> 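The following block contains the structure, expressed as structure tokens.
This structure is a prediction, so every number in the text was calculated from the model and none was measured. Chain letters run A, B, ... following the sequence lines, proteins first and then strands; every chain starts at 1.
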2 protein chains.
Amino acid sequence: MAEAVSAEKILDTAAGMIERHSVEAFSMRGLAEELGVAVTSIYWHVGGRDKLFDSLVDRLLSEMAHLPVEGETTVECIASLARSQRRALIERQHLLAIAHERDCTPMLFLPIQQTLAGLLAELGVTGTEAALVLRAVQVQVISSAVMQFSAVRGAKHEEEDPSLWDDDWPDQELVQALQSPTDYDALFEYGLSALLATLPG
Amino acid sequence: MAEAVSAEKILDTAAGMIERHSVEAFSMRGLAEELGVAVTSIYWHVGGRDKLFDSLVDRLLSEMAHLPVEGETTVECIASLARSQRRALIERQHLLAIAHERDCTPMLFLPIQQTLAGLLAELGVTGTEAALVLRAVQVQVISSAVMQFSAVRGAKHEEEDPSLWDDDWPDQELVQALQSPTDYDALFEYGLSALLATLPG
DNA sequence: ACCTGAACACCGTTCAAGT
DNA sequence: ACCTGAACACCGTTCAAGT
């Protein structure tokens with residue numbers, strides 16, 4: 001007389017497991033066990049592994065439909081939107097990783113495409129050029145999140161070996177900066193403001 | 001009396017298989033079969049799956065040690081180096097994907113870090129700022145390659161559904177541009193020049 | 001030093017059978 | 001409509017045994 005299993009609950013549990021132990025550790029059989037149910041009943045509710053992951057990505061997409069935007073100027077609004085999107089993606093790193101490994105990252109462009117298009121239009125940026133800028137911002141946001149996730153996870157077994165740098169390399173401040181861990185937030189801001197600087201106004 | 005198996009040959013064959021059929025399709029047993037050898041002998045020569053992938057990533061790193069650089073000005077040299085690195089990564093997309101999924105992408109910074117540092121020094125950019133710019137360029141290059149690979153593979157089952165855009169959206173040129181496939185080369189150049197525009201000189 | 005087969009503990013998925 | 005167990009065809013890895 002266990003609680004009923006629904007597609008909803010299955011997806012929730014799967015997302016939770018993945019968030020706790022990462023995608024590689026996830027298995028259908030493990031999920032079934034966590035749910036207290038036979039593996040095969042998962043297939044009835046949500047289909048196989050692929051379908052399950054597709055559904056998780058769909059969820060991620062719809063969760064990103066309404067992101068907060070604020071700012072005095074139009075450019076600040078664009079920056080704010082980009083930051084919101086990035087934060088949302090990082091909060092759901094594991095789902096983002098799934099989307100990436102399933103080659104769905106371009107879909108992540110969609111939820112905020114229209115808002116971004118509207119803001120660019122306010123600046124007088126339209127047509128093919130607007131498409132280029134829009135996609136450049138999207139790639140900046142998404143790839144920043146994708147890379148940061150991968151890098152942070154890899155940071156554990158990463159010991160920057162200083163043997164590559166001569167001891168008499170002239171710029172020791174640089175060497176030291178490169179040996180401390182990368183600040184991906186700062187990198188993102190740097191790249192973003194470089195992009196926004198190309199805009200009029 | 002089959003040909004001798006060596007660690008070299010195993011790695012070559014593995015890389016070839018992965019390049020032809022992608023990582024997901026790769027298996028130890030399949031590799032053994034292709035080599036005409038028992039699975040277990042692979043373990044003697046190169047170790048398990050993880051070790052094998054590590055070795056492949058190491059190869060990728062050493063292959064990227066000497067990239068062509070040319071340009072009249074220092075800024076052009078930086079751009080040329082970035083393009084070389086990107087091209088090299090895209091030519092080895094599958095190895096790049098492995099490096100990414102193993103969280104080794106930051107290691108890809110290393111091969112050209114020193115050259116880049118030297119070029120930045122020529123521009124008078126040093127210390128912490130140089131580290132920031134250097135990493136920004138690296139992230140731009142690597143993430144561009146990572147995203148492009150994922151996007152191109154996903155493009156097959158991607159039909160841009162136009163239902164999201166109203167038929168009376170004012171900027172139809174933009175809508176049409178967004179419905180044609182993304183030009184990742186152009187996006188890369190756009191982002192790169194935005195980054196380089198922040199440099200002095 | 002090199003290669004083997006058997007065996008273990010896992011997978012995802014299908015399908016006929018139950019209620 | 002929902003859940004099950006058995007079975008299939010795969011995995012990666014270990015290990016004792018061969019030459």
> In whole angstrom, give the distance that lies between atom CD1 of Ile42(A) and atom C1' of dC11(C).
13 Å
> So which one's nearest nucleotide on DNA chain C is more toward 5', Phe26(A) or Ser41(B)?
Ser41(B)
> Rounded to the nearest Å, what distance is computed from the CD atom of residue Glu33(B) to the P atom of nucleotide dC10(D)?
10 Å
> Measure from CE on Met28(B) to P on dC8(C) and round the result to the nearest Å.
22 Å
> Do Ser193(B) side-chain atoms and Glu189(B) backbone N/O form a donor-acceptor pair below 3.5 Å?
yes
> I'd like to know if the side chain of Glu173(A) reaches the main chain of Thr128(B), judged simply by a donor and an acceptor atom lying under 3.5 Å from each other, with no hydrogens or angles considered.
yes
> In whole angstrom, give the distance that lies between atom CG of Asp54(B) and atom P of dG12(D).
16 Å
> Quickly work out the Leu52(B) CG to dC11(D) P distance and round it to whole Å.
15 Å
> Go ahead and name the base partner of dT4(D); Watson-Crick or wobble counts if both distances stay under 3.5 Å, otherwise write none.
dA16(C)
> Quick check on dC11(C): is either OP1 or OP2 less than 4.0 Å from any side-chain nitrogen or oxygen of Ser27(A)?
yes
> Nearest whole Å is fine: how far is dA17(D) P from Trp44(B) CH2?
20 Å
> In whole Å, what is the span from the CG atom of Asp50(B) to the P atom of dG12(D)?
11 Å
> Which label fits His100(A) and His100(B): parallel for a plane angle under 30°, tilted from 30 to 60°, or perpendicular past 60°?
perpendicular
> Has Ser80(A) got a side-chain atom pairing as donor or acceptor with Gly71(A)'s backbone, closer than 3.5 angstrom?
no
> Taking the side chain of Val37(A) as heavy atoms from C-beta outward, which of dT4(D), dC3(C), dT13(C) is closest to it?
dT4(D)
> Let me spell it out: for each of Val39(A) and Arg29(A), pick the nucleotide of DNA chain D with the closest heavy atom. Which residue's pick is nearer the 5' end?
Val39(A)
> Which of these nucleotides, dT13(C), dC3(D), dG5(C), is closest to any side-chain atom of Thr40(B)?
dG5(C)
> Check for me whether the distance between the ring centres of Tyr184(B) and Phe149(B) falls short of 6.0 Å.
no
> Given dT13(D), dG12(C), dC11(D), identify the nucleotide with an atom nearest to the side chain of Arg49(A).
dG12(C)
> Rounded to whole Å, how long is the line connecting atom NE2 of His45(B) with atom C1' of dA1(C)?
9 Å
